[in-house]
Amino acid sequence: MKKGVSKSAVIIIGNALVVFICLVFLVFGLWKVLSDQVFDINMKQSMSGAPHEDILVIGIDTTSIKEVGPYPWDRKVYAQLISRLEAAGAKAIGFDIELYTESNFPESDKLLADELTKHKNIIFPSHADLEGDFDRSSKVKEGELIMARKTDQPIPMIQKSVNKAHINAAFDTDGVIRTNWMQINTPDGIFPTLGLALAQVAGVDVSKYLNLPVLQNRPKSEMLIKWEGKEFDFETIPFAKVLKGEIPPQVFKDRIILVGYTAPGSDEGITPIERHMHLVYAHANILNQVLNQKVIVPVSGVITLAMSALMIVLFGFLTWRLKPITSIVLVFVVSLGLLALQYITFTYNDQYLDTIGAVLSGLISYIGNIAMKTYFETKQKNYITKQFGRYISPDLVKEIAKSDSEIQLGGIKRELSLLFLDVSGFTPLSEKLKPEEVVDFLNMMFNLITEVTLQNRGTIDKFIGDAAMILYNAPLDVPDHAYYAVKTGFEIQEGMEQIRRDVEAKYGVTLSIRIGINTGDVVVGNIGSYLRVDYTAIGDNVNTAARIESNARPNKVWVSESTYDLTKDYFEYEFAGEKLMKGKSAPLKLFEVVSITGAPGEGKKRDKVS
C-alpha cells in the first residue's frame, strides 16, 4: 500500500478490534446462551439413566387422586403413609409438599403431628422468600450464601418434629434449572436443599457439599446438578398403592423416599434433560448426586480466557499462512476438537470446561482476518489487473484473475502468432532530433500500438528501443490468434498514417514502421535465472518473425506462409516474393496485407493473391 495506512497497521488495528470484541463477549457473558445449550447437550449425552437404587419416588399421580380423593388431601393420609413406610424400614422420607397453613381438619393436622413425633427421619420442606425476582447479577454476592428475607415453613405443630430443608429452584435466565442452592441463609437459620437434607438424615457423608467450590459470579454453595435420570428412570410407585398396602414392605426397607406430584401439569420445570419434568425428580437427581458423591467442578475462568486468547492467535495465524480451503478445514477440526475436549472432561472427569468462548473467539478472529486478507488480495488483484492490463488485453487479465487453475509457466511448447515491428531508419532519424523529441514521437507510436494490441487480445512481450514484440495465444488461449495478429498489424499501419502526419508537421521528419508476422510452435514461459525472469517466447519461429519484419517494406505488414494459410479467408494479400532468411536452407514465401475482407464466424471469403 503506497498511500494511507500501511497493511501491517491495518492488520494490527483489525486484530485489536477482534480482541476487544471477544473480551466484551467474554466479560459480559454474551456467549452464555450458546454455552448453556452445549452444556445441556453434554448433560444429555453423558447421563447414565441408572440412578442410585436406594432412591424411591412415591408419586401423587392421576390414579392416586382419583382413588384417594380430590387434592388437597386430608392430612391424615400422610400420617398413614409415614406409618406404613416407617414400619417397612425406610431410611428417610422427604415430602415435596407444602404444608404452610392449617387445614380445615384440625384433628387431621394433629394426627399427622403426633405421627411425626415418633420419627426423626422425616422432612416437610420450607420455601425461602427471596427479595423480588431473583437476579444473580445484582442481588447475589459471589462467595456468600444467598440470603432470604424470610421463610415459609410448615405449620408449628409439624415444624417442631421435622428436619429443615428448602425446595427453592434456581432458574437460569432461559428458565432452565441447571444448578441448585445446596444451602440458603435465612433469619431462621441455614436451610439445606431437600436432596441434601435427605442424604444427611440417611447418614450419608455430605461434608463436600457444605464446602463446594464457588462458581464464577454465583453465590456460595450453588452446585451444578449432575442429571443422571429422567422422570421414570427413577423407580416410582403410585401413592394410592402404598396407602392401600399393595406394595410389599421389603420394597421400602433401607430406601430413601421422596413423595411428590407426578400428575400432569403440576409442579413442573424445564431441565437440561427434559422440557417438562416434575420437580420431585429434580430433588431425586440432587439426592442421587450426593449419594454418588459427584461434584461438577467448573474449570477456572483464567483457563477459559487463555484458551480464547490462544484461539484468536491460532485462527488468525492460520488465515494468513494457509490457503482458504486448508485454513477452513483446520479451523473446523480445531473447533470440533475443543468441543470434544469439553465433552470428554465433562463425562469422564466431572469437570465443566466451557470451550464455547474459545471457539467463538477463534471464529471471530478467523472471520476478521479473512475479511482483511480478502480486502488486501482484492486490492492487489485490482492493482495487478491495472498494471498487467497495460501489456495484455483486459479480457485476458480478467480471465487470469478469475481462473481457478494456475497459468502454466516455466516453458511450454505452444503455437503462437508473433508480431514484430520496428521503425524504419531509426538511427539517422534520431540523429536529426533532440532526445526528448525522439521520446515524444516514440510514445505517440507506442500508445497507438498498445491500444490496438489490447483491443485484439494480444500480449505486449516487450518494447526494445524503437521496436516491439507482441504475442498472440499466450499466456491464455486466443482462438484465431493468427487473425488477430494480422488485424493488429493492419490497424497499426492505418493508425500510423495520422501519426506520420503529426510527426512530420511537428518535427519535419518522416516516420515509417515495418511489421512482420509469423505463426508456429515456440517455447513460451518464464525464461531467465532465479534472480531475473522474463515471460517471453523463444525458438526458430520467433527468429523467423523478427527476420520477416527486417525484410518488410516500410509502412507495410508482411506475413509468413503459415500465417497466410490461417488467415487468407479474412484478408486480401499480395505475394511479396521469396526471401532467404539467415539460418534457413530454403527461401520463405512472404505475403503483404492489402485489406481486411472478413472475420472468423462471419462467413469466409476467399481472395486470390495478385
Find out whether Leu588 and Ser560 are in side-chain contact, i.e. whether some heavy atom of one side chain is under 4.5 Å from a heavy atom of the other.
no
What's the shortest heavy-atom distance between Ala537 and Asp461, and which atoms?
N-OD1, 4.2 Å
Correct closest heavy-atom pair for Pro587 and Glu578 would be CG-OE1, 3.6 Å
Mind checking whether Ser361 and Ile312 have side chains closer than 4.5 Å, heavy atoms only?
yes
Is there a side-chain contact (heavy atoms from CB on, under 4.5 Å) between Leu418 and Met469 once you walk through the steps?
CA-CA 7 Å; Leu418 304 109; Met469 174 180 174; 4.1 Å; yes
Treating Thr597 as the side-chain partner and Tyr570 as the backbone partner, does any N or O pair qualify as donor plus acceptor under 3.5 Å?
yes
Return the set of residues passing side chain to side chain contact (heavy atoms under 4.5 Å, CB included) with Leu23 (not counting sequence neighbours), or none when no residue passes.
Val19, Leu305
With sequence neighbours excluded, residues passing side chain to side chain donor-acceptor pair (under 3.5 Å) with Gln342
Asn42, Thr355
Counting C-beta onward and ignoring hydrogens, is there a side-chain heavy-atom pair between Asn551 and Arg514 closer than 4.5 Å?
no
Give me the atom names and distance for the closest heavy-atom approach of Ser327 to Tyr366.
OG-OH, 3.0 Å
So, do Phe441 and Leu429 sit near enough that their side-chain heavy atoms are less than 4.5 Å apart?
yes
Give me the atom names and distance for the closest heavy-atom approach of Tyr573 to Val486.
OH-CG1, 3.6 Å
In sequence, state the C-alpha distance, the side-chain angles, and the governing distance for Asp502 and Gln498, and then conclude on side chain to side chain donor-acceptor pair (under 3.5 Å).
CA-CA 6 Å; Asp502 292 342; Gln498 181 61 46; 2.9 Å; yes
Determine whether the side chains of Tyr484 and Ser417 contain a donor N or O and an acceptor N or O closer than 3.5 Å.
no
Does the cation-pi check pass for Lys7 over Phe376, that is, NZ or CZ under 6.0 Å from the six-membered ring centre and within 45° of its axis?
yes
In chain order, what residues pass the salt bridge (charged side-chain N to carboxylate O under 4.0 Å, His left out) check against Lys579, with sequence neighbours excluded?
none
Non-hydrogen atoms of Thr453 and Ile449 that approach each other most closely
OG1-O, 2.7 Å
What's the spacing between His276 NE2 and Glu274 CD if we round to 0.5 Å?
10.0 Å
Could you walk me through whether Asp422 and Asp466 satisfy the side-chain contact (heavy atoms from CB on, under 4.5 Å) test, starting with their C-alpha distance in whole Å, then the side-chain angles of each, then the deciding distance to 0.1 Å, before giving a yes or no?
CA-CA 6 Å; Asp422 193 8; Asp466 62 321; 2.6 Å; yes
Contact list for residues 354-367, test salt bridge (charged side-chain N to carboxylate O under 4.0 Å, His left out), sequence neighbours left out:
none
How about Phe571 and Tyr483: are their ring centres within less than 6.0 Å of each other?
yes
Would one find more than 12 heavy atoms of other residues, nucleotides or ligands at under 6.0 Å from atom CD1 of Ile325?
no
Name the orientation class of the two ring planes belonging to Phe463 and Phe446 (parallel below 30°, tilted from 30 to 60°, perpendicular beyond 60°).
tilted
Minimum side-chain heavy-atom gap Val299-Met307 below 4.5 Å:
no
How long is the straight-line distance from CG of Asn541 back to OG1 of Thr519, given to the nearest 0.5 Å?
8.5 Å
Which residues share a side chain to side chain contact (heavy atoms under 4.5 Å, CB included) with Ser430, sequence neighbours left out
Phe426, Val438
Check whether any side-chain heavy atom of Val297 sits under 4.5 Å from a side-chain heavy atom of Leu224, and report yes or no.
no
Please examine the side chains of Trp227 and Met47, heavy atoms only from C-beta on, and report whether any two atoms are closer than 4.5 Å.
no
Which distance, rounded to the nearest 0.5 Å, do you find between the CG of Leu421 and the CD1 of Ile513?
5.0 Å
Partner of Tyr472 under side chain to side chain donor-acceptor pair (under 3.5 Å), picked from Thr459, Asn456, Thr488, is Thr488
What residues, two or more places apart in sequence or in another chain, satisfy salt bridge (charged side-chain N to carboxylate O under 4.0 Å, His left out) together with Arg547?
none
Rounded to the nearest 0.5 Å, how far apart are OG1 of Thr544 and CD of Glu561?
12.5 Å
Who are the side chain to side chain donor-acceptor pair (under 3.5 Å) partners of Lys373, not counting sequence neighbours?
none
Gap between atom CG of Asn443 and atom OG1 of Thr450 - 0.5 Å precision:
9.5 Å
Check: Gln351 and Tyr348 side chains under 4.5 Å, non-hydrogen atoms:
no
Tell me the closest heavy-atom pair linking Gly516 and Ile548, and the distance in Å.
CA-CG2, 3.8 Å
Under 3.5 Å, is there a donor-acceptor pair linking the side chains of Ser562 and Asn518?
yes
Heavy-atom donor-acceptor pair, Asp174 side chain to Val176 backbone, under 3.5 Å:
yes
Contacts of Asn555 meeting side chain to side chain contact (heavy atoms under 4.5 Å, CB included) (sequence neighbours excluded), chain-then-number -> Gln493, Arg500, Ser512
Please determine whether side-chain contact (heavy atoms from CB on, under 4.5 Å) holds for the pair Val18 and Ser365, giving the CA-CA distance in whole Å, both sets of side-chain angles, and the decisive distance to 0.1 Å.
CA-CA 6 Å; Val18 166; Ser365 175; 3.9 Å; yes
Stepwise side-chain contact (heavy atoms from CB on, under 4.5 Å) check, Val542 with Phe420:
CA-CA 9 Å; Val542 177; Phe420 279 80; 3.8 Å; yes
Side chain to side chain contact (heavy atoms under 4.5 Å, CB included) partners of Gln45, counting only residues at least two apart
Ile41, Tyr343
For Asp40, check salt bridge (charged side-chain N to carboxylate O under 4.0 Å, His left out) against everything at least two apart and list the hits.
Arg178
Any pair with a residue in residues 423-449 that passes salt bridge (charged side-chain N to carboxylate O under 4.0 Å, His left out), sequence neighbours left out, goes on the list, sorted by first then second residue, please.
Asp440-Lys506
Point-to-point distance, once rounded to the nearest 0.5 Å, from CG of Asn369 to CD1 of Ile11
7.5 Å
For Arg553, all residues meeting salt bridge (charged side-chain N to carboxylate O under 4.0 Å, His left out), sequence neighbours excluded:
Glu592
